[in-house]
Structures are given as C-alpha cells and as structure tokens.
**Q** 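The structure follows.
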Amino acid sequence: MFKEKKERGDWVNPLYLPLFTAIPIDSWLIIKKGSYASVELSMYIIAILFLIYSGAVETNQEEVKHRVFGYIYLVSALVFGAVGLMIWLGNT
C-alpha cells in the first residue's frame with residue numbers, strides 16, 4: 001500500500017507544476033496573433049509571477065534537483081517577461 005502511494009507521490013510532484021501550467025500558458029500567449037485582451041494580459045502577468053514565486057521557493061531547497069528547477073523557472077520568467085515587453089512595445 002505504501003509503495004502505491006510513493007509511486008503516485010512521485011508522479012504528482014508539486015515541483016513540476018509550473019512546467020504543466022505557467023510555461024505552456026505563457027508560450028501560447030507569445031505565439032498568439034493579435035493584441036491581448038485584458039484577461040489574457042492578466043493571465044500572462046500572473047503566470048510570470050507564479051514562475052518567479054516557484055523559482056524563488058525552489059532555489060531555497062537543499063536538493064540539487066530543486067535548485068535546478070528553481071533556476072529554470074526564474075530564467076523562464078525573465079525570458080517571458082522580456083519577450084512580452086518587446087511584443088508590447090512593438091505593438092504601440
């Protein structure tokens with residue numbers, strides 16, 4: 001019984017949550033054609049803030065795996081923020 005829980009626990013690891021939520025949302029909003037609606041802009045900003053938060057939390061962990069994912073999240077938030085700013089400045 002404990003082995004089943006451990007296998008499920010490895011699959012549903014909260015460390016990977018931004019990989020399945022924030023990064024695909026921001027990627028989709030970057031390749032989307034046309035201007036952003038207010039809801040899409042809010043979703044873009046919230047996803048970047050979620051990446052910053054999860055990256056900051058993960059970089060404080062002691063395990064190397066958590067730190068690597070934390071830095072990946074922080075760098076992806078920086079890249080998404082810069083690309084979003086360039087798209088926004090290019091449209092105005």
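Please read all numbers here as calculations on a predicted model, not as lab measurements.
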**Q** Under a single-linkage definition using a 4.5 Å side-chain heavy-atom cutoff for Ile, Leu, Val, Met, Phe, Trp and Tyr, are Val75 and Ile45 assigned to the same hydrophobic cluster?
**A**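 Looking at the clustering, Ile45 is in the same group as Val75.
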**Q** Do Phe69 and Tyr16 touch side chain to side chain, with heavy atoms closer than 4.5 Å?
**A**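 They are in contact (side-chain heavy atoms under 4.5 Å apart), so the answer is yes.
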**Q** For the residue pair Leu74 and Ala56, what are the closest heavy atoms and their distance?
**A**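 Closest approach of Leu74 to Ala56: CD2-N, 4.1 Å.
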**Q** Side chains of Leu41 and Trp88: does their closest heavy-atom pair fall under 4.5 Å?
**A**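 Answer no - side chains too far apart.
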**Q** Got a second to check how far Leu29's CG is from Met43's CE, nearest 0.5 Å?
**A**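 These two atoms lie 4.5 Å from each other.
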**Q** Between atom CG of Leu51 and atom CD of Glu58, what is the distance when rounded to the nearest 0.5 Å?
**A** 11.5 Å
**Q** Apply side-chain contact (heavy atoms from CB on, under 4.5 Å) to the pair Thr59 and Tyr73, showing each step before the final yes or no.
**A** CA-CA 10 Å; Thr59 54; Tyr73 297 155; over 6 Å; no
**Q** Is the side chain of Tyr44 donor-acceptor paired with the backbone N or O of Phe80 at a distance under 3.5 Å, no angle test?
**A** yes
**Q** Is it true that Lys32 and Glu40 have a side-chain N and a carboxylate O under 4.0 angstrom from each other?
**A** yes
**Q** Going by heavy atoms in the side chains, are Asn60 and Arg67 under 4.5 Å from each other?
**A** no
**Q** Verify the cluster assignment for Phe20 and Val57: are they in a single hydrophobic cluster under the rule of side-chain heavy atoms below 4.5 Å apart?
**A**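 Per the 4.5 Å side-chain linkage, Phe20 and Val57 are not co-clustered.
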**Q** Do Ile30 and Leu78 sit in one hydrophobic cluster, given that two such residues count as connected whenever their side-chain heavy atoms are within less than 4.5 Å of each other, even indirectly?
**A** no
**Q** Kindly work out whether a path of hydrophobic side-chain contacts (I/L/V/M/F/W/Y, heavy atoms less than 4.5 Å apart) joins Ile52 to Ile25.
**A**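 Same cluster.
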**Q** Closest approach of Pro24 and Pro18, non-hydrogen atoms and distance?
**A** CD-O, 4.2 Å
**Q** Determine whether Ile23 and Ser76 make a side-chain contact, defined as any pair of heavy atoms from C-beta on separated by less than 4.5 Å.
**A** yes
**Q** Is there side-chain contact between Val83 and Asp26, with at least one heavy-atom pair below 4.5 Å?
**A**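 Side chain of Val83 against side chain of Asp26, heavy atoms only: no contact under 4.5 Å found.
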**Q** I need the Ile72 CD1 to Leu19 CG distance, nearest 0.5 Å.
**A**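 Answer rounded to 0.5 Å: 7.5 Å.
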